[in-house]
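A short worksheet on the structure shown next.
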There are 2 protein chains.
Amino acid sequence: MARMVAERADTIAPLAEVFREHGYEGASLALISKATGLGKGSLYHFFPNGKEEMVRAVLGEIGQWFEDAVYSPLRNESDVNGAICAMLASTDQYFRSGRRVCLVGALAVANTRDLFAQAIRGYFVAWVDALQSALIRQGREADQSRILAEEAVLTIQGAIVLSRAMDDPAVFQRAIDQLRGRLVIEKDTSNNEGTTDVSPQNEGRLV
Amino acid sequence: MARMVAERADTIAPLAEVFREHGYEGASLALISKATGLGKGSLYHFFPNGKEEMVRAVLGEIGQWFEDAVYSPLRNESDVNGAICAMLASTDQYFRSGRRVCLVGALAVANTRDLFAQAIRGYFVAWVDALQSALIRQGREADQSRILAEEAVLTIQGAIVLSRAMDDPAVFQRAIDQLRGRLVIEKDTSNNEGTTDVSPQNEGRLV
DNA sequence: GCGAGACTGTACCGATCGGTAAACAAATTA
DNA sequence: TAATTTGTTTACCGATCGGTACAGTCTCGC
């Protein structure tokens with residue numbers, strides 16, 4: 001019959017979207033079929049192990065995207081503040097200011113967590129590690145950087161949950177802005193336009 | 001046949017647990033039946049509208065528990081710092097340091113969100129409002145308090161996600177400690193130490 | 001006692017689930 | 001052109017899904 005999809009890779013994006021919207025169990029083969037435009041036969045041709053393999057493919061793609069767009073700059077970029085700002089911008093865009101769910105985070109709280117535990121863990125560990133590396137290169141202490149990196153990643157995940165629950169993208173935006181103020185160290189430039197609210201933050205610097 | 005359950009209320013706790021563990025779609029009637037010890041007949045006797053009504057009942061119970069244990073003290077307690085510390089302690093205990101998922105948060109990122117949107121929103125709005133009220137009574141500005149309250153609730157949600165993903169309850173604990181440092185205003189007593197873990201309080205009342 | 005609900009067990013419903021089999025068409029290679 | 005690989009369609013499988021029907025059994029007020 002007519003060939004509809006050139007490569008397996010073309011199915012990843014719609015696959016990701018349908019898993020994000022419906023979860024692992026909720027994404028039925030009928031839904032997946034509609035989203036990708038492929039029948040069951042084709043789906044099982046590309047992914048012989050069914051849904052599990054599809055999710056693994058999606059997680060791999062997501063991991064690669066973050067590696068390239070976020071983790072790698074965080075680890076290697078000499079302009080550390082720039083890399084951190086870029087991370088926040090990419091994140092804001094990627095998650096559509098909280099309107100789009102984080103598939104990895106959603107899987108982490110689902111009962112299917114165990115199936116993908118390693119991939120889920122890897123995604124977050126890489127993120128925290130990369131961010132910690134950047135913070136250390138800012139001149140911060142290693143322990144402090146670890147805590148702060150952890151806090152940043154967790155804040156992003158929480159912001160997605162809360163902004164969706166409240167149906168208010170501004171919640172996500174505020175969290176990102178807050179994060180910027182906490183992660184970016186202003187050197188000497190006197191133009192502090194981003195960090196208008198300095199008062200209550202600085203004092204709670206302990207751990 | 002033999003009567004097994006005295007009241008509908010007795011089913012709420014196992015119901016909550018099974019929905020937490022398997023999500024709305026993942027919690028099949030077979031699973032629910034096993035968790036509650038009730039056959040379909042009994043289940044549909046207590047909840048004529050099926051799973052949806054079961055979830056609503058659970059959400060109602062959860063909301064009531066938080067109202068009594070967290071929101072109300074936050075709004076009314078004269079010892080504001082005490083109420084905030086109690087909130088953190090209750091939260092840590094309730095979520096078992098991140099080992100237990102927040103059902104409301106999990107529903108918020110699922111595709112079934114729309115079904116329960118109002119209840120989900122209400123849960124979080126009440127939490128943020130109550131915490132904001134406490135922070136204002138601490139002497140903070142209203143706007144600042146709003147932001148800070150939002151940030152605290154979001155941090156708890158994110159901590160659940162991250163600590164589960166990393167399979168490390170310490171992540172959750174650190175986030176709670178961090179929050180304490182940011183929310184509680186020390187008056188004069190230099191007795192900081194923090195955490196100290198109020199020992200395993202009662203464990204009952206599992207909503 | 002006895003009737004009325006309140007509760008329970010079981011059989012059953014149509015729909016859908018994830019997954020398989022195989023006939024078949026198009027592109028690729030020889 | 002012939003053979004092979006690669007992709008697509010369709011029909012089908014047993015299991016399970018959420019939900020219903022209903023007869024049976026309990027408890028309790030009278």
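We name chains A, B, ... by the order of the sequence lines, and we start the count at 1 in each one.
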Rounded to whole Å, how long is the line connecting atom CZ of B/F47 with atom C1' of D/dG18? 16 Å

Under 4.0 Å between a side-chain nitrogen and a carboxylate oxygen: does that hold for A/E21 and A/K34? no

Closest listed nucleotide, where the reference is the side chain of A/Y44 and the choices are C/dT8, C/dC12, C/dG19: C/dG19

Walk me through whether B/R99 and B/D167 qualify under salt bridge (charged side-chain N to carboxylate O under 4.0 Å, His left out). CA-CA 8 Å; B/R99 271 169 300 228; B/D167 199 23; over 6 Å; no

Separation of A/I32 atom CD1 from C/dG18 atom C1', in whole Å? 10 Å

Could you tell me how far apart B/L43 (CG) and D/dC17 (C1') are, to the nearest whole angstrom? 15 Å

Expected list for residues 21-31 of chain A near DNA chain C, using heavy atoms below 4.0 Å, is A/A27, A/S28, A/L29, A/A30

Check ring-ring contact (aromatic ring centres under 6.0 Å, His included) between B/F95 and all other residues, then give those that pass, not counting sequence neighbours. none

Between CG of A/N49 and P of C/dG18 the distance, given in whole Å, is 15 Å

Rounded off to whole Å, could you give me the CD-to-P distance for the B/E7 and C/dT8 pair? 12 Å

B/H45 side-chain N/O to C/dA6 phosphate OP1/OP2 under 4.0 Å: no

Using a strict 4.0 Å threshold on nitrogen-to-oxygen distance, state whether B/R100 and B/E17 make a salt bridge. yes

Taking the side chain of A/F46 as heavy atoms from C-beta outward, which of C/dT8, C/dT20, D/dT8 is closest to it? D/dT8

DNA chain D: 5'-proximal contact among B/G41 and B/K51 (nearest heavy atom): B/K51

Measuring from atom CD of A/Q157 to atom OG1 of A/T155, what distance do you get when rounded to the nearest 0.5 angstrom? 10.0 Å

Between A/R174 and A/D177, does any NZ, NE, NH1 or NH2 come within less than 4.0 Å of an OD or OE carboxylate oxygen? no

Rounded to the nearest Å, what distance is computed from the CG atom of residue B/L38 to the P atom of nucleotide D/dG19? 16 Å

